[in-house]
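Heads up, the thing below is written out as structure tokens.
Note that the structure is predicted; figures quoted are calculated from it, not measured.
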Amino acid sequence: LIMILSMLNLDNKEVLHDLFLVCKQWTNALSIINKTKGRKLPISCVFCELCERNKLESLKYLCECLQDNDINKATILRQFRNFCAHGNLSMAQWLTSTFTVTAKDARAGNNGALRWSCSHGHLHVA
């Protein structure tokens, strides 16, 4: 798809950029489908897979299509702790603002996010 886009000779760079982003999102989605050998996945599994791959743009695109209860709070908080444990501040901040992770949520599990980020040396996240 990207090769086809490059051959279109579009003058409008914004349109070309938007088309490129759509291709990129589909590439991410197809790689997840390929990994599951075509089985239909719940949206929360796709969400977790994109989180594990640190695919922020794809996550943003996915979240535009979500309903309020598509991803449960436990899944969101698990991903938040994972981002903190791996020192991924930008992903943790995005998750916090997108899904309204509160201070109480962040302290869940006996301050798990804080403990994991500190124990892995990610003081900038703590």
Which label fits His86 and His120: parallel for a plane angle under 30°, tilted from 30 to 60°, or perpendicular past 60°?
parallel
Would you compute the distance between atom SG of Cys84 and atom CD of Gln93 and round it to the nearest 0.5 angstrom?
9.5 Å
Tabulate below the donor-acceptor pairs under 3.5 Å that side-chain atoms of residues 75-83 make, not counting sequence neighbours, or state none.
residue	atom	partner	partner atom	Å
Thr75	OG1	Asn72	OD1	2.8
Asn82	ND2	Arg78	O	3.4

Taking all heavy atoms of Leu123 and all of Cys118, pick out the closest pair and write down the distance.
CD2-SG, 4.1 Å
To the nearest 0.5 Å, what is the distance between CG on Asn88 and SG on Cys51?
9.5 Å
Please check: side-chain N/O of Ser117 versus main-chain N/O of Leu114, any donor-acceptor pairing under 3.5 Å?
yes
Determine, using the 4.5 Å side-chain heavy-atom cutoff (strictly less than), whether Leu50 and Ile71 are members of one ILVMFWY cluster.
yes
Might you point out which heavy atoms bring Trp94 and Lys60 nearest each other, and give the distance in Å?
NE1-CG, 3.6 Å
Just checking His122: does its NE2 atom have more than 12 heavy atoms from other residues, nucleotides or ligands closer to it than 6.0 angstrom?
yes
Nearest 0.5 Å, please: how far is CZ in Arg107 from CZ in Arg115?
14.5 Å
Consider only side-chain heavy atoms of I, L, V, M, F, W and Y, link residues closer than 4.5 Å, and tell whether Val101 and Phe47 are in one cluster.
yes
Once you round to the nearest 0.5 Å, how far does CG of Leu59 lie from CG of Leu56?
6.5 Å
